[in-house]
Amino acid sequence: EVVAETANFWSTRYTKEDDGRYHFRNACGPDQLHKPISDNAYTNISVMDYLERAKALIDTFLKRDKTAVSLMLRRCRIDEEDWKRWDDVARNMYVPMVNDQVFEQFENHSRLPIADPKATVEKEGSDGITKQADTVLLFETIPWRFSKDAAEANYRYYAPRCTHTSSLSLCTHALVAARMGYSRDARKYFAWAAGVDLEDSMANTRHGHHGAALGGIWKTVVQGFGGLIVSSSGVELSPNLPPWWKSLKFRFFKDGIPVFVNVQREALTVTNGGLKPVSLTVLGSPATIEPNNPLTVKYTPSWKEQPLDG
């Protein structure tokens with residue numbers, strides 16, 4: 001019900017305009033310095049992805065128990081026209097572009113002047129500088145939708161335009177940089193993110209720890225350096241152990257089965273701690289790990305330097 005109601009809400013928030021595309025006016029994206037805006041790229045692409053997956057999920061459950069799901073949709077007052085609208089919005093969503101690879105943070109964002117990020121705190125929303133990760137969030141939350149070239153192009157475009165005055169921004173940039181193998185940025189942003197509370201770098205830890213940022217640090221370790229990605233197509237492990245660490249260990253559960261991951265500098269070991277086989281994608285290849293029969297594969301971390309080192 002939550003999935004259906006949420007999809008229905010988002011589909012009704014968009015308006016189909018004369019260009020045949022759906023637009024979201026008077027919005028505010030993750031970077032709250034700029035508002036109101038039109039067609040925030042992160043919001044529009046996230047909604048498009050959500051509507052596609054919501055429809056696929058409900059289609060799956062309809063095949064399993066059509067009567068129960070039909071009753072649920074009726075209870076939520078979702079009819080066939082709503083169902084069609086989900087698909088139409090997803091297919092015809094407008095996403096502004098800076099060029100053929102870089103999404104525009106919101107409509108006309110690229111026309112704003114670019115100033116020194118350190119000198120714009122008092123000019124909130126008057127230029128193209130952002131307070132925190134916005135478009136870059138796409139490559140944290142739904143990375144499987146984009147090519148590596150697109151991820152790198154957007155990261156290089158937006159990272160220098162961010163002041164990181166939100167504790168949520170540093171861990172996002174660290175995670176995305178880790179996935180792309182940008183060693184300097186991954187280490188820099190990870191250290192900064194940890195320092196928010198450990199070093200009280202924002203001078204406000206006395207009011208309480210930054211819980212969401214701490215969660216972001218965990219995600220950077222497990223999903224960035226550990227390479228754990230969970231999507232509609234399954235669970236994937238593609239670790240990238242940083243050169244300043246000797247090893248990384250973590251665990252997760254898949255279908256109730258505990259899976260233990262041990263990343264070394266030259267090998268990756270995955271152990272099934274349950275009683276049934278578990279299927280994953282490991283370093284790009286499908287793998288079935290049997291109980292008490294760990295899978296060990298050789299791998300080489302892929303780190304590189306990059307022009308950006310802001």
Side-chain angles (χ1 to χ4, degrees), residues 1-16 21-24 27 29-30 39-95 103 135 137-147 150-151 172 175 179 212 215-216 218-219 222-223 226-238 251-259 274 276-282 284 286-289:
E1 285 190 30
V2 172
V3 171
E5 291 274 25
T6 306
N8 213 41
F9 165 79
W10 278 114
S11 70
T12 58
R13 187 63 184 83
Y14 285 79
T15 302
K16 199 171 193 177
R21 311 301 291 274
Y22 284 89
H23 297 265
F24 188 176
D39 292 318
N40 174 260
Y42 170 77
T43 304
N44 287 12
I45 296 172
S46 296
V47 169
M48 178 172 61
D49 181 80
Y50 188 85
L51 292 174
E52 291 172 353
R53 290 199 282 167
K55 189 173 185 303
L57 179 66
I58 293 177
D59 276 339
T60 298
F61 280 104
L62 278 170
K63 293 174 183 177
R64 294 180 184 177
D65 193 337
K66 185 175 182 179
T67 300
V69 176
S70 296
L71 286 172
M72 181 272 291
L73 293 173
R74 193 174 307 136
R75 186 166 60 250
C76 295
R77 298 182 180 179
I78 297 174
D79 57 25
E80 188 175 349
E81 289 303 310
D82 297 315
W83 194 253
K84 290 179 180 178
R85 187 177 62 249
W86 295 9
D87 186 61
D88 194 40
V89 173
R91 288 176 180 272
N92 295 288
M93 180 72 74
Y94 174 74
V95 179
F103 301 115
T135 307
L137 271 171
L138 288 167
F139 306 96
E140 174 192 349
T141 56
I142 48 175
W144 54 86
R145 289 192 71 101
F146 314 104
S147 69
T172 296
L175 192 159
R179 282 180 176 160
W218 181 91
K219 289 183 66 178
V222 174
Q223 298 182 355
L228 176 67
I229 294 180
V230 181
S231 70
S232 55
S233 60
V235 177
E236 178 180 350
L237 276 171
S238 295
R251 72 169 181 172
F252 62 91
F253 287 81
K254 183 177 187 293
D255 300 326
I257 299 171
V259 179
K276 298 179 181 179
V278 63
S279 296
L280 311 168
T281 298
V282 179
T288 298
I289 296 114

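Small disclaimer: the values here were computed from a predicted structure and weren't measured. All residue numbers in this chain count up from 1 along the given sequence.
Going from atom CG of N40 over to atom CZ of F103 covers 12.0 Å, rounded to the nearest 0.5 Å. In this structure, K254 NZ and L228 CG are separated by 11.5 Å, a value rounded to the nearest 0.5 Å. Annotation: the span from N92 atom CG to K16 atom NZ amounts to 5.0 Å, rounded to 0.5 Å. Note that the CZ atom of R145 and the CD atom of E52 stand 4.5 Å from one another [nearest 0.5 Å]. Separating the CZ atom in R91 from the CE atom in M48 is a distance of 12.0 Å, to the nearest 0.5 Å. For the atom pair CZ (R75) and CD (E5), the distance works out to 9.5 Å, reported to the nearest 0.5 Å.
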Could you check T281 against V235 for side-chain contact (heavy atoms from CB on, under 4.5 Å), going step by step and ending with a plain yes or no?
-> CA-CA 6 Å; T281 298; V235 177; over 6 Å; no
Please test F252 against V230 for side-chain contact (heavy atoms from CB on, under 4.5 Å), starting from the C-alpha separation and ending with a verdict.
-> CA-CA 11 Å; F252 62 91; V230 181; over 6 Å; no
Step by step, would you call W86 with I58 a side-chain contact (heavy atoms from CB on, under 4.5 Å)?
-> CA-CA 12 Å; W86 295 9; I58 293 177; 3.8 Å; yes
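Contact annotation: the side chain of V3 never approaches that of F61 to less than 4.5 Å [non-hydrogen atoms, C-beta and beyond]. For the pair Y22 and V47, the minimum side-chain heavy-atom distance is 4.5 Å or more. Using a 4.5 Å heavy-atom threshold, the side chains of P143 and I229 count as touching. With a 4.5 Å cut-off on side-chain heavy atoms, S232 and L57 do not count as touching. When side chains are defined from C-beta on, I45 counts as touching F146, because their heavy atoms get closer than 4.5 Å. Side-chain contact between I289 and V259 is absent, with no heavy-atom pair separated by less than 4.5 Å.
Of the possible donor and acceptor atoms, one in the side chain of T12 sits under 3.5 Å from a partner among the backbone N and O of N8. The backbone N or O of I257 lies less than 3.5 Å from no partner atom in the side chain of D255, so there is not a single donor-acceptor pair.
Looking at D59 and K55, a side-chain N of the basic residue comes within less than 4.0 Å of a carboxylate O on the acidic one, giving a salt bridge. We find that R53 and D49 are joined by a salt bridge, their nearest charged nitrogen and carboxylate oxygen being less than 4.0 Å apart.
Among all heavy-atom pairs drawn from L73 and A4, the shortest one is CD2-CB, 4.2 Å. Nearest approach of L62 to S70, heavy atoms of both residues: CD2-OG, 4.1 Å. The minimum heavy-atom distance between L138 and A41, with the atom names listed, is CD1-O, 4.3 Å. Shown here for T288 and S279, the closest heavy-atom pair between the two residues is OG1-OG, 3.5 Å. Closest approach of I142 to S46, counting heavy atoms only: CD1-CA, 4.5 Å. Minimum interatomic distance between A7 and L51 (heavy atoms only, all atoms of both residues): O-CD2, 3.4 Å.
Looking at D87, D82, D88 one by one, the single match for salt bridge (charged side-chain N to carboxylate O under 4.0 Å, His left out) with R85 turns out to be D82.
A perpendicular orientation is assigned to the rings of F24 and W10, their planes being inclined by more than 60° (bins at 30° and 60°).
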